[in-house]
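Below: the structure, in structure tokens.
If you're wondering where the values come from, they're calculated on a predicted model, not measured in any experiment.
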Amino acid sequence: MRKVLLPALIIIGASLLIIRVFYLQIIDDSFKLKSENNAIKIKYDYPERGYIYDRNGVLLVANQPSYDIMVIPRELNKTDTLEFCKLLNITKEDFIKKIEKAKVYSPRLPSVFLAQLNKNEFAAFQEKIRKFEGFYFQKRALRDYEVDFGANVFGSIVEVNEGLIEKNPYYKSGDLIGKQGVEESYEKILRGVKGVKYFQKDKFNREIGSYKEGKFDTIAVQGEDINLTIDAEIQKYGEQLMVNKRGGIVAIEPKTGEILALVTAPSYDPGILVGRQRSKNYTKLYHDSIAKPLYDRGLLAEYPPGSPFKIMTGLVGLQEGVMDEETTFVCSHGFYYAPGRFQKCHCGGGVLNLHVGIYKSCNAYFSNVYLRTIGKYKKTPYAVDVWSNHIKSFGLGQFMGYDLPTGRKGKIPTSKTYKRMYPGWGYSGKTIISNAIGQGEVLMTPIQLANMMATVANEGYYYTPHIIKKIKGEKIDTKFTTKHVTTIDKKYFPPMISGLFDVYNRGTAYGLRVEGIDICGKTGTAENFAKIDGKRVQLKDHSIFVAFAPKDNPKIAIAVLVENGGYGATIAGPIASLMIEKYLRKKITRTDLETRVLNISLQSRYALLGGLSEEVKKELRIKDSITQSKAKAAAKKIDTTKAKT
């Protein structure tokens with residue numbers, strides 16, 4: 001048996017090997033194609049990226065032709081370097097550096113020598129390209145922005161790096177890829193599919209025709225067009241209102257979770273990141289570490305939500321049964337919550353119920369509600385987690401799952417948070433009472449604030465915020481059409497909404513009313529602290545406003561946050577009212593309010609962070625009693641504690 005087994009294994013193994021070799025060499029020509037790559041030249045045909053439209057079909061992003069000069073180092077032959085450099089307006093040092101980089105990538109494969117030539121540059125070089133062996137043109141499509149706003153929404157197109165090429169074989173040297181915004185989120189849909197053509201070369205390295213009569217060639221497939229949920233008009237309007245200010249605006253359609261506007265300020269014209277000037281312009285934006293124009297404050301900036309968070313405190317109190325809408329508390333311009341510990345309030349004082357507490361924004365009222373909520377259970381850590389779970393059911397304190405590639409979770413503290421903060425000794429509701437009014441350890445991003453208001457507008461449910469409305473030939477992800485229901489019963493929302501409605505009619509936003517539009521809103525002022533020269537310094541408060549409208553059958557929910565803007569009704573509130581009217585009516589009736597907001601500049605308040613000279617400070621009428629050296633030190637050492645900007 002052993003004598004037969006060994007020869008049998010040898011025969012079987014040899015037979016399998018022969019069959020495999022026969023298949024690879026005779027039947028499957030694709031491997032023959034790879035083995036003959038020294039005699040074959042590959043050219044790629046790059047498709048146009050899909051167009052981007054807004055929710056109403058307005059074209060936002062199209063394409064324009066561009067040309068890359070490609071080089072194959074092994075094919076270079078006595079190039080007239082001086083003439084070459086003169087034609088392309090580059091130095092000889094640049095030429096040598098680019099050739100060496102191409103050799104590192106591959107001596108025999110094409111790589112980009114000079115990217116993104118425009119029509120005129122291409123025409124000038126095209127006439128003489130025959131004189132420069134080893135170089136050829138590769139046509140591509142660059143983005144052509146039809147608007148000068150929405151840079152943070154769109155993202156941009158960049159050249160792939162070597163790390164990505166190694167991870168994803170689809171991309172080759174010189175290929176372009178979406179970075180940030182919808183360009184990154186929907187890259188596979190927008191990019192299309194490259195076409196490939198194979199050409200036979202002779203022994204002199206000259207093309208002699210299509211390989212195998214084009215048997216292996218493929219045609220390029222253009223990227224799919226997409227419609228965003230963004231309304232171009234209010235996106236543009238929001239960016240105009242935020243000129244000379246820093247912060248974010250997020251507007252959502254409550255019934256669908258569609259993002260109507262996603263504004264970050266300061267911003268920039270997306271067109272400056274196209275073409276050969278892209279690198280220089282991007283570097284300038286990147287190194288602006290003070291204004292941070294590349295930082296999407298609507299998605300990334302975490303702030304104390306301030307008074308708008310009282311909405312959550314009240315809803316949790318109602319759900320936990322520690323109060324009802326008729327429960328009253330006394331406010332003596334604040335209240336003592338512990339010996340020697342007094343919390344100020346600016347509501348005017350008196351005996352208040354829930355309705356009045358909301359529209360007057362009483363700190364004392366909601367701090368009492370919070371103390372009752374935490375005090376309901378014997379163990380404070382358990383009570384904190386009950387409270388935290390209610391809050392998180394609104395999508396807060398977690399990544400929301402929207403279809404943009406950047407974002408932060410915010411922070412909703414739990415018992416684990418306070419176990420780390422207070423190791424070895426206990427704490428009570430009074431210890432963490434700042435949470436009641438949106439300070440303390442609570443942090444939220446503007447998109448979370450907007451989603452919170454959309455959830456209130458819907459009386460207890462929300463859809464994951466998203467920016468894609470339609471993809472040609474495809475369906476959007478079902479997670480954007482899945483309803484999320486909070487832990488708060490629907491019956492507790494009407495009394496809260498009633499109070500929010502009177503914020504405009506009788507309360508802190510009375511002066512921001514828009515005739516004929518029933519708006520429910522909440523002003524907010526979040527304290528803003530920073531460390532300067534190792535000392536904790538209080539800067540100008542952040543201005544916050546959240547709202548939805550109309551009161552019945554809401555069509556827009558919005559959150560506005562203006563850094564160092566002061567009271568919520570001063571800057572953020574007017575912006576929210578103007579945005580709501582612009583969306584619902586397509587026009588503005590309160591032109592006096594519009595003019596005031598457009599003319600507001602907060603650049604003087606940002607001087608501390610920018611380290612401006614004393615002369616500029618005087619010109620901007622800065623009253624801060626700080627020296628120039630302290631201002632410069634602040635720009636380097638600032639370390640935000642309560643509000644991350």
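- Between Ile358 and Leu500, the closest side-chain pair of non-hydrogen atoms falls below 4.5 Å.
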Decide side-chain hydrogen bond (donor to acceptor under 3.5 Å, both in side chains) for Tyr51 and Gln222; before the verdict, give the C-alpha distance in whole Å, the side-chain angles of both, and the deciding distance to 0.1 Å. CA-CA 10 Å; Tyr51 283 27; Gln222 183 173 347; 5.6 Å; no
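- No side-chain donor from either of Arg49 and Tyr186 sits under 3.5 Å from a side-chain acceptor of the other.
- Between the side chains of Tyr171 and Glu159, not a single donor N or O lies within less than 3.5 Å of an accepting N or O.
- In this structure, the side chain of Asp477 does not engage the main chain of Phe480 through any donor-acceptor pair within 3.5 Å.
- Atom CG of residue Asn227 and atom CD1 of residue Ile476 lie 11.5 Å apart, to the nearest 0.5 angstrom.
- Open room surrounds OH on Tyr567; 12 or fewer heavy atoms of other groups in view lie less than 6.0 Å from it.
- Electrostatic pairing of Glu563 and Arg605 does not count as a salt bridge here, judged by no charged N lying under 4.0 Å from a carboxylate O.
- Crowding of Lys392 atom NZ: a count of heavy atoms from other residues, nucleotides or ligands under 6.0 Å exceeding 12.
- At most 12 heavy atoms of other shown residues, nucleotides or ligands fall within 6.0 angstrom of atom NZ in Lys409.
- Judged purely by atom type and a 3.5 angstrom limit, Thr482 uses its side chain to pair as donor or acceptor with the backbone of Thr478.
- A ring-centre distance under 6.0 Å is found for His484 and Tyr462.
- The closest donor-acceptor contact from the side chain of Asn599 to the backbone of Thr595 lies under 3.5 Å.
- In summary, Asp45 and Lys194 do not engage in a salt bridge, as defined by a charged side-chain N under 4.0 Å from a carboxylate O.
- Considering all non-hydrogen atoms of both residues, Ile544 and Gly306 come closest at CD1-N, 4.5 Å.
- We find that Lys586 and Glu233 are not joined by a salt bridge, their nearest charged nitrogen and carboxylate oxygen being 4.0 Å or further apart.
- Summarising the geometry, atom CD1 belonging to Ile588 is positioned 9.5 Å from atom OG1 belonging to Thr591; distances are rounded to the nearest 0.5 Å.
- For the pair Leu354/Phe366, a side-chain contact is recorded, criterion being any heavy-atom separation below 4.5 Å from C-beta on.
- For Lys245 against Ala265, the heavy-atom pair with the smallest separation is O-CB, 3.4 Å.
- A heavy-atom distance below 4.5 Å is not found between the side chains of Asn244 and Leu602.
- Of all non-hydrogen atoms in Gln439 and Asn435, the two that sit nearest each other are O-OD1, 3.8 Å.
- Between Tyr170 and Val193, the closest heavy-atom pair is OH-CA, 3.7 Å.
- Applying the side-chain contact (heavy atoms from CB on, under 4.5 Å) rule to Glu184 yields the partners Lys179, Gln180, Pro405; only residues at least two apart in sequence or on another chain are considered.
- Taking CD1 from Ile391 and OG from Ser393, the interatomic distance works out to 7.5 Å, rounded to the nearest 0.5 Å.
- No more than 12 heavy atoms of other residues, nucleotides or ligands lie within 6.0 Å of NZ in Lys587, so this atom counts as exposed by the packing criterion.
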Take Ile580 and Ile558, measure what side-chain contact (heavy atoms from CB on, under 4.5 Å) needs, and give me the verdict at the end. CA-CA 8 Å; Ile580 288 172; Ile558 191 169; 4.1 Å; yes
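- The shortest side-chain heavy-atom distance between His346 and Ser361 does not fall under the 4.5 Å cut-off.
- By the 4.5 Å heavy-atom criterion applied to side chains, Thr508 and Tyr359 are not counted as neighbours.
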Residue pair Lys292, Arg246: steps toward the side-chain contact (heavy atoms from CB on, under 4.5 Å) verdict: CA-CA 9 Å; Lys292 299 180 181 178; Arg246 296 178 191 168; over 6 Å; no
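- Under the 3.5 Å distance criterion, the side-chain polar atoms of Tyr492 are left unmatched by any main-chain donor or acceptor of Met496.
- The CD atom of Glu253 lies 3.5 Å from the OG1 atom of Thr256; values are rounded to the nearest 0.5 Å.
- A donor-acceptor pair shorter than 3.5 Å cannot be found between the side chains of Thr229 and His466.
- Atom NZ of Lys470 has 12 or fewer neighbouring heavy atoms from other residues, nucleotides or ligands inside a 6.0 Å radius.
- In this structure, Lys236 fails the cation-pi test against Phe149, since its NZ or CZ atom is not both closer than 6.0 Å to the six-membered ring centre and inside 45 degrees of the ring normal.
- Pro65 is listed as a side-chain neighbour of Tyr67, based on a closest heavy-atom distance under 4.5 Å.
- When all heavy atoms of Asp54 and Ala232 are compared, the pair lying nearest together is OD2-N, 3.0 Å.
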Between Glu594 and Tyr237, is the side-chain contact (heavy atoms from CB on, under 4.5 Å) condition met? List the steps. CA-CA 11 Å; Glu594 179 184 55; Tyr237 190 56; 2.8 Å; yes
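- Phe493 places none of its side-chain heavy atoms less than 4.5 Å from the side chain of Asn458.
- The shortest distance between side-chain heavy atoms of Tyr295 and Leu300 falls below 4.5 Å.
- No donor-acceptor pair closer than 3.5 Å links the side chain of Asp489 to the backbone N or O of Lys491.
- In this structure, Ser185 contributes its side chain and Asp403 its backbone to a donor-acceptor pair below 3.5 Å.
- For the residue pair Thr525 and His542, no side-chain donor N or O sits within less than 3.5 Å of a side-chain acceptor on the partner.
- A donor-acceptor pair is defined here as one N or O able to donate and one able to accept, closer than 3.5 Å; no such pair exists between the side chain of Asn63 and the backbone of Glu48.
- Between Arg55 and Glu258, at least one side-chain N (NZ, or NE/NH1/NH2) sits under 4.0 Å from a carboxylate O, which counts as a salt bridge.
- Side chains of Tyr46 and Asp175: a donor on one and an acceptor on the other come within 3.5 Å.
- At distances below 3.5 Å, not a single donor-acceptor pair connects side-chain atoms of Gln235 with backbone N or O atoms of Ile230.
- Atom NZ of Lys483 and atom OG1 of Thr464 lie 13.0 Å apart (nearest 0.5 Å).
- Remark: of the listed residues Val456, Val546, Thr523, Val546 is the sole one forming a side-chain contact (heavy atoms from CB on, under 4.5 Å) with Pro308.
- In this structure, the side chain of Ser498 does not engage the main chain of Pro494 through any donor-acceptor pair within 3.5 Å.
- Looking at Tyr303 and Thr445, their side chains never bring a donor and an acceptor atom within 3.5 Å of each other.
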Working note: Leu273 + Leu285, criterion side-chain contact (heavy atoms from CB on, under 4.5 Å); need CA distance, chi angles, decisive distance, verdict. CA-CA 10 Å; Leu273 296 185; Leu285 294 171; 4.2 Å; yes
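- The closest donor-acceptor contact from the side chain of Asn152 to the backbone of Leu262 lies under 3.5 Å.
- Side-chain N/O atoms of Lys310 and Ser307 include a donor and acceptor closer than 3.5 Å.
- Under 3.5 Å, the side chains of Asn505 and Arg513 contain no donor-acceptor pair of N or O atoms.
- Few gaps surround NZ on Lys479; more than 12 heavy atoms of other groups in view lie less than 6.0 Å from it.
- Side-chain contact annotation: Glu581 with Thr589, donor-acceptor N/O pair under 3.5 Å present.
- The nearest pair of heavy atoms linking Ala559 to Ala450 is CB-N, 3.5 Å.
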